[in-house]
Amino acid sequence: MKSSIASVLGLVLMFNLNSGFISPVSQHHRIRNNSIKIISTPLHSTVVRRPETTERVDQVRERCAAATRDAQAARGCAENTGDEWWRDESAVNILGGRSITASSPLRVIITGGGVAGLVAASACHAAGMKVAIFEQASQYAPYGGPIQIQSNALRAIQRISQKCYEELLAAGTVTADRVSGLKIGYKKAVFGGLGPGYEKGDWLVRFDTLQPALDAGLTPTVVVDRPVIQQILLNHGVPEGTVRIKSRIKKYDELGPGQGVKVTLEDGTEAFADVLVGADGIWSSVRKQLHGLDKGADGAAASGAAGGALNEAEARRMAKESVLMAGGANRRFSGFTCYAALCEHKASNIEQVSYQILLGKDKYFVSTDGGGERQQWFALIREEAGGVDEEATPENPNPKLSRLLNEFNNAEPGDANGDVWDDFAHELLKATPEENIKRRDLYDGAPLISQGWARGQVAICGDAAHPMMPNLGQGGCQATEDGYRLSEELKTVQNTNQIESALDTYFKKRIPRTTAIQIAAQLGSDLLVDFDKMMTIPLVGPFFLFMTQLSMPFILRFLYTPEF
């Protein structure tokens, strides 16, 4: 078992999967109808939640549906036109470098059109740079529904684009106005009968995630549908046609100090830029070359824009490919496979609870308000990598759902361990169609302290640089911080021969923070294997919970600093 200090820190951080607060605005806020209205009020302004109206529910659901249709049609993206700026080698391959001016701006190519790539592109565009995104997928296919844009990410986005910030707040649903926390999923006795034990659904820890934000005058976290986030960034963050789809990078070649980079795509297309940024996910092709990794360290499963499999057949292929790639890419299988879905269902506890984790033996069930009277849930189960579900048959037409209903069985005899689960997991599972449930194995990696994130005129960001477990809900938030910091360093470049120094500064400023968060997220996940033992030890369990509750404000202050 880990040391008591490490254990407390890990589990404390684990509890905060989707909570957090930081905002750049100096005004205080009031939450109305699940949107944020910025007003001038005393520091301890009361936040009043009102139930979602039918109009608001329809608005949230239709906006998600419209953004999904736009994504499937690749609206805002481009294919070949033949006259793109990045085809001109003469603009970058200049001996000794060239001066950066308003008429001759820095030219940046980003690989990967997911959130990390779109934010980095938006930040660079806002700073006056020319930007292009190469995305290997043919369309955006979101995995797992809405995502939390925590307040540190909101701050970064507002600094990049006030319009994007306002659009995200208007589209988002506030989750900080109700209780969040950790419950035990099933009845559990204390060792030796030396205590009252736990009943299923008992709160172990409850978080006040709103007051720390109000005390600091910060914007509450919002949950927004992934396709909506992507369309906001496409529409308001970058010029039309910035994303070039069906464009998988094969290799890159540096042309010399200050002379730029040549990027070669799988179809033979050559592109030229001053800077290349790999935002292409955990199996990054750019990182493979940057760090000299094995040939099999990347693959078709590495799709930033796709965010997950397009269909069941692709999901099965990705599960197998990821196992093969992990070794060559120095990535770690977490020990968990994750099922996720968004269901159109008004949760029975929606007025009191915005986010909760039901903990069990070698598995846990997470749920959060997804806005529009929808619930997003995740079921994480400890098992070997590369597993796939049975194919549907007439006898079992819903294999994923059937498995999950058994794993979180709320009736006798319970699950395979004999544990009878709290009803809430079943409530959400029963409201979810089989086709909405997606599955993937979870991978992360060690911090790249010695390897670095940059070399020459090439850098990485997001999951390519710091893949982490979802226990803190900070993966996308840290990618957003990366994009902002990257642009801040690049806009100091006055001559292209200063690019290498700027990218090195970007790495040095980011690595301490992302390392701490990566380690904390991994530790929180790994401690789950000890939960069943630790929480039921007399004296140790109560102390553990007390320290978790006591430590929360300090943890939040660390995670949600306004500077990055």
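Note that the structure is predicted; figures quoted are calculated from it, not measured.
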Exercise. To the nearest 0.5 Å, tell me how far D298 CG sits from L293 CG.
Key: 9.0 Å
Quiz prompt | Point-to-point distance, once rounded to the nearest 0.5 Å, from OG1 of T264 to CD of E266 | solution = 10.0 Å
Practice problem: With the side chain counted from C-beta on, respond yes when V60 and R374 share a heavy-atom pair under 4.5 Å apart, and no when they do not. | Solution: yes
Quiz item: Side chains of E481 and N152: donor-acceptor distance under 3.5 Å anywhere?
Solution: yes
Exercise. Mind running side-chain contact (heavy atoms from CB on, under 4.5 Å) on V275 and T496 for me, showing each step along the way?
Key: CA-CA 9 Å; V275 182; T496 55; over 6 Å; no
Exercise. Quick one: do Q148 and V223 satisfy side-chain contact (heavy atoms from CB on, under 4.5 Å)? Show the steps, please.
Key: CA-CA 4 Å; Q148 296 277 350; V223 60; 4.0 Å; yes
Quiz item: Can you name the closest pair of heavy atoms from G172 and V222 and give their distance?
Solution: CA-CB, 4.1 Å
Quiz item: So how far is it from R248 CZ to T111 OG1, rounded to the nearest 0.5 Å?
Solution: 10.0 Å
Quiz item: Between the main-chain N or O of S354 and the side-chain N or O of T368, is there a donor-acceptor pair closer than 3.5 Å?
Solution: yes
Quiz item: Does one side chain, of T219 or Y165, offer a donor that lies under 3.5 Å from an acceptor on the other?
Solution: yes
Self-check item: T492 side chain vs E489 backbone, donor-acceptor pair below 3.5 Å
Solution: yes
Quiz item: What is the distance from atom CD of Q498 to atom CG of D274, rounded to the nearest 0.5 Å?
Solution: 12.0 Å
Quiz item: Considering residues, nucleotides and ligands other than E500, do more than 12 of their heavy atoms fall under 6.0 Å from its CD?
Solution: no
Self-check item: Nearest atoms (heavy-atom pairs only) where G456 meets L503
Solution: O-CD1, 3.6 Å
Practice problem: Examine distances only and state if a side-chain atom of Q230 and a backbone atom of A71 form a donor-acceptor pair shorter than 3.5 Å. | Solution: no
Quiz prompt | Nearest non-hydrogen partners of P220 and S151, listed with the distance | solution = C-OG, 3.5 Å
Self-check item: Pairing of R159 and E488 as salt bridge, 4.0 angstrom limit
Solution: no
Quiz item: Are R510 and D482 close enough, and set up right, to give a salt bridge (charged side-chain N to carboxylate O under 4.0 Å, His left out), and what steps lead you there?
Solution: CA-CA 7 Å; R510 291 295 297 146; D482 290 346; 2.7 Å; yes
Quiz item: Backbone N or O of P447 within a donor-acceptor pair of the T515 side chain at under 3.5 Å?
Solution: no
Quiz item: So Q474 and M468, side-chain contact (heavy atoms from CB on, under 4.5 Å) or not? Walk me through it.
Solution: CA-CA 8 Å; Q474 277 286 315; M468 59 185 70; 4.2 Å; yes
Practice problem: Start with the C-alpha gap between R69 and E62, add the side-chain angles, then the distance that decides, and say whether salt bridge (charged side-chain N to carboxylate O under 4.0 Å, His left out) holds. | Solution: CA-CA 10 Å; R69 291 192 295 269; E62 175 51 34; 2.9 Å; yes
Self-check item: Side-chain donor or acceptor of T242 paired with backbone N/O of E240 under 3.5 Å
Solution: no
Quiz prompt | Min side-chain heavy-atom separation C461-V277 under 4.5 Å | solution = yes
Quiz item: Does a salt bridge link R331 with D463, judged by any charged N lying under 4.0 Å from a carboxylate O?
Solution: no
Quiz item: Taking D294 for the side chain and G296 for the main chain, is one N or O donor matched with an acceptor at less than 3.5 Å?
Solution: no
Exercise. Output the distance between atom OG (S450) and atom NE2 (H291), rounded to the nearest 0.5 Å.
Key: 8.5 Å
Practice problem: Provide the closest heavy-atom pair for T175 versus S180 in the form atom of the first, atom of the second, distance. | Solution: O-OG, 4.4 Å
Quiz item: Could you go step by step and tell me if M325 and K288 meet the side-chain contact (heavy atoms from CB on, under 4.5 Å) rule?
Solution: CA-CA 11 Å; M325 289 187 291; K288 182 185 77 169; over 6 Å; no
Quiz item: Would S103 and T101 count as having a side-chain donor-acceptor pair, cut-off 3.5 Å?
Solution: yes
Quiz item: Taking D280 for the side chain and S285 for the main chain, is one N or O donor matched with an acceptor at less than 3.5 Å?
Solution: yes
Practice problem: Output yes when E563 and R513 qualify as a salt bridge under the 4.0 Å nitrogen-oxygen rule, no when they do not. | Solution: no
Quiz prompt | Close side-chain approach of I511 and T514, heavy atoms under 4.5 Å | solution = yes
Self-check item: Plane angle bin for Y484 and F564 - parallel if under 30°, tilted between 30 and 60°, otherwise perpendicular
Solution: perpendicular
Exercise. Would you check if there is a donor-acceptor pair between the side chains of Q518 and Q522 at a distance under 3.5 Å?
Key: no
Quiz item: Is there side-chain contact between L233 and I157, with at least one heavy-atom pair below 4.5 Å?
Solution: no
Exercise. For R455, look at atom CZ and say whether over 12 heavy atoms of other residues, nucleotides or ligands are found less than 6.0 Å away.
Key: yes
Quiz item: Testing L276, T269, V458, V286 for side chain to side chain contact (heavy atoms under 4.5 Å, CB included) with V263, which one passes?
Solution: L276
Quiz item: Donor-acceptor pair, Q289 side chain versus K251 backbone, under 3.5 Å?
Solution: no
Exercise. Check the angle between the aromatic planes of Y443 and F333 and answer parallel, tilted or perpendicular using the 30° and 60° thresholds.
Key: tilted
Self-check item: Between OH on residue Y252 and CD on residue Q457, distance to nearest 0.5 Å
Solution: 10.5 Å
Quiz item: Taking the side chain as C-beta and beyond, is there a heavy-atom pair between L106 and I499 under 4.5 Å?
Solution: yes
